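One structure is given below, encoded as structure tokens.
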Amino acid sequence: MDIPKAYEAKNYENEIYARWEKSGYFNPDVLIENGLIKSTAPVFTIVLPPPNVTGQLHLGHAAMLAYEDLMIRYHRLQGYQALWLPGTDHAAIATQTKVEKIIASEGKKKEDLGREKFLEIVRDYVDKSKATIRNQIRKMGSSLDWSREKYTLDKDVSQTVYQVFKKMYDDGLIYRGNRIVNWCPRCQSTLADDEVEYEQQQANLYYIKYGPVVIATTRPETKLGDTGLAFNPNDKRYLHLLGKELKINFGVANIKVKVFADNEVDPEFGTGAIGVTPAHSQIDFAWAEKYKLPIIKVIDEKGKMTEAAGKYAGQDVLVCRENFVADLKQAGLLEKIEPINNNISICYRCHTAIEPLTSRQWFIDVNKKISRLDKSLKELAIEAVQTGLGGKSDKKIEIIPERFNKVYFHWLENLRDWCISRQIWWGHRIPVWYKNKKQKDEEAEIYVGITPPQEAGWVQDEDTLDTWFSSALWTFSTLGWPEGLDFKRFHPTQVLETGYDILFFWVARMIIMTTYVTGQIPFEKVYLHGLVRDRQGQKMSKSLGNGIDPLDMIEKFGADALRLSMIIGVTPGNDLILYEEKIAGYRNFVNKLWNISRYILMNLSELKLTNQYPQAKTLADEWILSEFNNLIFQVTEDLNQYKFSQAIEALYEFVWSKLADWYLEITKIEGNKSEILNYILQKLLILIHPFIPFVSEEIWTQSYNRNKQDKLMLMIQRWPQVIEKKSNPKIKDFLVLQKLIINLRSVKNESGIATKQSLPVDIYSKEFLSLFQQQQKIIENLARVKINWLDKDSMTANNKVITSEYSFVFKVDIKVKDKSKEIDTLNKYINGLEKKLKNKQFLSKAPSEVVTKEKEKLNEAKKKLAQIKKHP
RNA sequence: GGGUUUGUAGCUCAGUUGGUUAGAGCGCCUCGUUUACACCGAGGAGGUCAGAGGUUCGACUCCUCUCAAACCCACCA
């Protein structure tokens with residue numbers, strides 16, 4: 001048989017994926033059509049978190065694909081209708097920015113091209129990018145149903161987007177308002193609150209004479225737009241001013257401010273008095289609503305001062321700041337400047353400083369009660385996780401790990417209205433038309449619809465929707481909501497698996513929108529994975545240059561090894577540290593499995609698919625079958641509880657430490673194991689397939705599917721059943737046997753005796769003599785010794801004797817290392833146990849089984865000690 | 001300011017509801033090519049479980065505090 005010694009993943013993986021894909025079996029409908037599962041089989045659905053169309057596959061994606069494919073393949077093997085639905089996201093700002101950069105390198109600007117021409121270029125770019133990412137996803141072995149692939153800008157998906165917009169508008173949940181928003185002057189667009197990041201910065205705190213008081217501010221130029229003066233109600237310094245309207249003279253400009261007191265003012269900061277600028281600060285805007293202050297916008301969308309800023313109109317914000325401060329100084333109004341550590345808000349995409357300003361935008365009202373439900377969006381989303389919605393999807397959403405519940409609730413409770421309009425071109429254009437007027441006109445007559453109004457002359461809103469608006473609909477917009485058969489079959493989905501970093505951006509918003517639109521939860525479980533970090537624990541990123549390219553790793557070690565490196569030792573919600581040696585280590589495991597099957601194939605004339613439980617003929621057989629049975633139980637249990645790491649660790653341990661290191665070695669001694677090896681290999685490949693699909697399928701092909709028939713492929717086999725629940729009492733005998741062999745090897749090794757030299761030993765055991773005699777061949781072969789059985793009388797103190805915890809004794813005519821250290825630790829152990837057993841509290845309060853156990857331990861230890869002392 | 005997580009062998013991590021002399025992989029040391037595998041085998045060294053208290057008959061495990069690291073939310077006008 002010409003099976004290579006080493007498994008070279010890259011020689012097999014592409015061909016295997018092609019076979020899987022060609023079979024059509026990623027699509028549950030095809031399995032039904034072929035009679036491989038019943039149409040009544042339970043459903044298990046995951047929608048793939050759609051990667052951005054801009055991107056290359058990175059390790060975050062790779063991890064996501066590994067976990068999701070694992071779940072899908074497990075359920076497919078369990079006989080479910082397993083649907084994993086692929087798709088991509090148009091990623092509005094990210095994509096537009098990327099293409100802008102590309103055309104900029106050719107010296108072009110999007111404004112010169114015009115909207116339509118620019119969008120054409122973006123579409124071309126997206127087409128290419130999509131093809132790349134699709135193939136990269138395939139490289140990981142992802143068993144996605146490509147026939148159902150979706151894209152956020154697909155016609156039907158877009159249709160759903162517009163439909164939902166209209167529904168929300170009709171329900172009064174979407175409104176247009178002139179409110180404060182986060183404005184990115186570079187992107188020239190609004191951002192949602194959670195798209196804003198913060199960065200610490202050294203800034204100046206300017207103390208400015210402000211009529212009768214002094215205020216402190218880091219942004220003097222905004223003071224031109226002040227309409228209020230605030231202090232804390234307990235601050236007696238300013239109480240006399242409460243309710244007054246003050247004229248403030250800045251020398252170069254005059255403003256009018258209303259004085260009010262609010263608990264949110266910190267009297268300790270600065271002078272305790274604040275100039276309030278409703279148009280350019282989130283909290284000031286809220287105060288303006290509360291205390292009915294006028295709103296004066298002094299900074300525009302380009303980051304320049306407006307007409308309202310008087311002589312500074314048209315200046316850049318920073319230029320104005322400089323000029324204004326100079327003017328204040330001149331007028332003797334600048335008291336002092338203090339350095340201060342300040343958090344400034346920046347755009348999460350381009351890190352430009354955010355300019356909060358008022359603007360006429362579209363918002364989703366998260367607090368308004370939906371009349372037919374008498375609940376707000378916020379309440380609905382909380383309910384979905386807290387108690388469940390009742391009705392068809394009465395399950396409540398379970399977040400794994402659970403601790404993220406708290407984070408989720410906290411976020412929702414503090415959620416403000418969500419600004420959904422973006423001033424960029426790439427995305428879903430807002431389905432709103434204005435009659436003969438420009439959208440800036442507040443009084444414009446509005447038409448909201450899925451299609452444009454019939455009459456001529458209506459002008460569509462220039463803006464597009466926040467990319468997360470369409471992503472929020474993803475579980476049902478991809479399944480043909482509301483009438484599609486797939487929607488009825490596969491929604492709610494079972495699991496959403498994604499990174500915890502988009503819990504708010506995406507997961508929470510899906511819950512908000514889906515519960516509102518469909519009355520169902522979008523998914524039953526949320527499995528959150530962590531971030532992939534480098535060896536130093538740093539986040540992998542392009543700018544740091546510490547990123548590992550998953551495609552390189554696949555090329556070098558194979559997709560299976562990469563998958564293992566991201567599953568083993570990883571728990572949900574926790575970050576994972578990845579580096580090349582780790583992946584190489586798991587490549588070795590894959591190779592080990594390969595060689596195990598190689599050995600089996602070389603020794604077995606024939607491999608047969610069978611469900612016949614094999615007959616155990618020897619102690620070793622009993623042991624391995626019992627261990628394997630436990631393994632089936634363990635892996636199934638762990639996977640049902642989403643403990644992926646524990647499941648594969650159990651498999652790893654079985655394959656390497658039990659099957660390869662012991663049982664296969666014993667087959668070389670006992671021979672004639674085809675029935676058992678056939679059984680174990682067959683079922684083991686099924687158990688391990690969700691973790692390492694490629695190598696398992698390849699071994700399967702060589703063992704059970706040499707003609708490469710679709711219907712015989714591993715990916716559609718049935719998950720093995722646990723045969724017997726009780727553990728076999730004979731197993732303990734095998735453990736004793738192992739112990740003896742390990743002890744013998746240890747003696748040989750430490751005495752410097754060559755492994756291959758067959759060492760003569762005398763063995764005596766009171767308890768296990770017959771066991772050892774029965775297993776003599778195994779002992780002699782595995783430990784490389786020649787046994788002479790002793791009876792008790794022939795024991796003498798003259799020979800060096802080794803004891804084991806199972807109270808057997810063997811003596812050999814060689815030097816054995818000093819035992820004093822072992823005696824020390826044993827003595828300590830015994831003392832501890834004796835103390836414990838003399839303790840009346842322990843005897844009375846501890847459960848009797850524990851006490852018995854401790855007594856047994858003490859006896860064992862004493863016996864052992866006695867034997868060591870007798871034969872030092 | 002509020003919150004979360006983490007701290008166990010040189011490194012990466014397990015350790016189920018408190019009941020072993022605390023485990024694994026990698027790395028390290030010694031030996032080794034025996035009918036699959038050197039991407040291997042055998043043996044071995046290595047830990048006062050961050051620290052201090054407390055609860056308990058008993059704590060790596062539960063509670064409190066301290067120290068250290070990472071992250072999230074709010075935000076300083």
Side-chain angles (χ1 to χ4, degrees), chain A residues 3 5-7 194 198 203 205 215-219 222 230 264-266 269-270 273-277 281-284 340-343 345 401 403-404 406-407 410-411 414 500-501 503-504 530-531 533 535 537 557 561 568-571 573-579 581-582 584-603 643 645-646 649 652-653 656-657 660-661 664-665 668 742 745-750 752-756 781-784 805 825-826 828-830 832-833 836 839-847 849-851 853-854 857 861:
Chain A
I3 305 167
K5 278 182 159 186
Y7 173 70
D194 43 12
Y198 293 89
L205 187 61
I215 57 148
T217 179
T218 52
R219 300 204 55 191
T222 64
E264 287 196 51
V265 180
D266 174 9
F269 188 89
I274 309 175
V276 176
T277 325
S281 153
Q282 210 56 264
I283 182 153
D284 293 13
I340 184 180
N341 275 324
N342 195 16
N343 264 347
S345 46
R403 65 185 141 93
F404 282 95
K406 212 169 169 175
V407 185
H410 181 259
W411 182 80
N414 294 295
Y500 65 73
D501 52 329
L503 178 63
F504 306 138
L531 268 43
R533 296 175 180 277
R535 201 175 219 144
F557 304 112
I568 297 183
V570 179
T571 42
N574 291 326
D575 295 348
L576 82 112
I577 290 179
L578 198 66
Y579 42 90
E581 293 90 320
K582 203 167 175 175
Y586 293 122
R587 184 267 323 263
N588 296 352
F589 173 70
V590 169
N591 190 242
K592 187 75 186 182
L593 185 67
W594 175 258
N595 274 290
I596 286 170
S597 67
R598 186 164 175 259
Y599 169 75
I600 293 175
L601 286 166
M602 286 168 100
N603 284 280
K643 294 178 177 174
S645 179
Q646 290 192 25
E649 280 168 53
Y652 188 105
E653 157 89 9
W656 207 317
S657 314
D661 289 349
L664 291 190
E665 292 308 315
K668 292 173 189 171
I742 290 169
R745 282 169 174 170
S746 168
V747 170
K748 280 184 74 179
N749 225 308
E750 281 171 34
I753 298 175
T755 321
K756 56 180 168 183
N781 273 284
L782 292 187
R784 302 249 149 192
E805 62 194 75
T825 51
L826 257 177
K828 269 187 207 160
Y829 179 51
I830 288 169
L833 283 172
K836 204 178 199 179
N839 188 332
K840 280 179 189 162
Q841 302 271 29
F842 173 72
L843 293 173
S844 61
K845 292 196 177 175
E849 343 164 333
V850 175
V851 176
K853 224 171 160 186
E854 298 297 300
K857 279 188 217 158

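Everything numeric in this text was worked out from a predicted model, so none of it was measured. Lettering of chains follows the sequences in order, A, B, ..., and the numbering in each one begins at 1. Hydrogens, waters and symmetry mates play no part in the numbers below; they use all other heavy atoms, side chains included.
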Over how many whole Å does the gap from [X] atom [atom1] to [N] atom [atom2] extend?
| X | N | atom1 | atom2 | result |
| --- | --- | --- | --- | --- |
| Lys5(A) | U35(B) | NZ | C1' | 12 Å |
| Lys845(A) | C57(B) | NZ | C1' | 7 Å |
| Glu649(A) | A24(B) | CD | P | 12 Å |
| Asn603(A) | C37(B) | CG | P | 11 Å |
| Ile3(A) | A36(B) | CD1 | C1' | 9 Å |
| Phe404(A) | U6(B) | CZ | P | 11 Å |
| Phe842(A) | C57(B) | CZ | P | 12 Å |
| Trp594(A) | C40(B) | CH2 | P | 16 Å |

Between the base of [N] and the side chain of [X], is there a donor and acceptor pair under 3.5 angstrom?
| X | N | answer |
| --- | --- | --- |
| Lys668(A) | A36(B) | yes |
| Lys592(A) | C37(B) | yes |
| Arg598(A) | C37(B) | no |

Considering every strand shown, what is the Watson-Crick or G-U wobble mate of [N] when both distances are under 3.5 Å?
| N | result |
| --- | --- |
| C49(B) | none |
| C40(B) | G32(B) |
| U56(B) | none |
| G1(B) | C73(B) |
| A68(B) | U6(B) |

Side chain to side chain contact (heavy atoms under 4.5 Å, CB included) between Lys668(A) and Tyr599(A), worked out: CA-CA 10 Å; Lys668(A) 292 173 189 171; Tyr599(A) 169 75; 3.2 Å; yes
Establish, with yes or no, whether the OP1 or OP2 oxygen of [N] is under 4.0 angstrom from a side-chain nitrogen or oxygen of [X].
| X | N | answer |
| --- | --- | --- |
| Arg745(A) | G43(B) | yes |
| Ser746(A) | G44(B) | yes |
| Lys406(A) | U4(B) | yes |
| Thr571(A) | A14(B) | yes |
| Lys857(A) | U20(B) | yes |

Pairwise [atom1] distance for [N] and [M], with rounding to whole Å:
| N | M | atom1 | result |
| --- | --- | --- | --- |
| G58(B) | G18(B) | P | 15 Å |
| G46(B) | A22(B) | P | 13 Å |
| A68(B) | A74(B) | P | 26 Å |
| C60(B) | G47(B) | C1' | 12 Å |
| C49(B) | G3(B) | C1' | 27 Å |
| A69(B) | C26(B) | C1' | 23 Å |
| C62(B) | A42(B) | P | 36 Å |
| U66(B) | C29(B) | P | 44 Å |

Within the 4.0 Å limit for protein heavy atoms, which parts of nucleotides 71-77 of chain B are touched? Write it as a string from 5' to 3', B for base, S for sugar-phosphate only, - for none. --S-BBB
Just compare [options] and give me whichever is closest to any side-chain atom of [X].
| X | options | answer |
| --- | --- | --- |
| Ile577(A) | G43(B), C13(B), U34(B) | C13(B) |
| Tyr599(A) | C57(B), A36(B), C40(B) | A36(B) |
| Trp656(A) | G41(B), U12(B), U56(B) | G41(B) |
| Asn574(A) | U30(B), C37(B), U5(B) | U5(B) |
| Ile742(A) | C39(B), G43(B), G41(B) | G43(B) |
| Arg403(A) | C13(B), U4(B), C40(B) | U4(B) |

Does [X] reach a base, just sugar-phosphate, or nothing at all? Heavy atoms under 4.0 Å.
| X | result |
| --- | --- |
| Lys840(A) | nothing |
| Phe589(A) | nothing |
| Glu849(A) | nothing |
| Leu576(A) | nothing |
| Asn781(A) | nothing |
| Arg587(A) | base |

Report yes or no: does Thr571(A) contribute a side-chain atom to a donor-acceptor pair with the main-chain N or O of Asn574(A) at less than 3.5 Å? no
Can you tell me if Lys592(A) uses its side chain to pair, donor with acceptor, with the backbone of Ala660(A) under 3.5 Å? no
How many angstroms lie between [atom1] in [X] and [atom2] in [Y], if you round to the nearest 0.5 Å?
| X | Y | atom1 | atom2 | value |
| --- | --- | --- | --- | --- |
| Leu531(A) | Leu578(A) | CG | CG | 12.5 Å |
| Tyr652(A) | Ile568(A) | OH | CD1 | 6.5 Å |
| Lys582(A) | Leu576(A) | NZ | CG | 6.0 Å |

Beyond-backbone contact of [X] with [Y], side-chain heavy atoms, under 4.5 angstrom:
| X | Y | result |
| --- | --- | --- |
| Ile3(A) | Trp594(A) | yes |
| Phe557(A) | Val590(A) | no |
| Arg598(A) | Asn595(A) | yes |
| Phe269(A) | Ile340(A) | yes |
| Lys840(A) | Ser844(A) | no |
| Leu593(A) | Trp656(A) | no |

Please report the closest heavy-atom contact between Arg784(A) and Lys748(A), naming both atoms and the distance. O-NZ, 2.8 Å
Along RNA chain B (nearest heavy atom to each residue), the more 5'-positioned of Pro847(A) and Lys643(A): Lys643(A)
On RNA chain B, check which nucleotide each of Val850(A) and Ile568(A) is closest to and give me the residue with the more 5' one. Ile568(A)
Please produce a list of atom pairs where a protein N or O lies less than 3.5 Å from an N or O of nucleotides 60-63 of chain B.
none

Parallel, tilted or perpendicular: which one describes the rings of Phe504(A) and Trp411(A), with boundaries at 30° and 60°? parallel
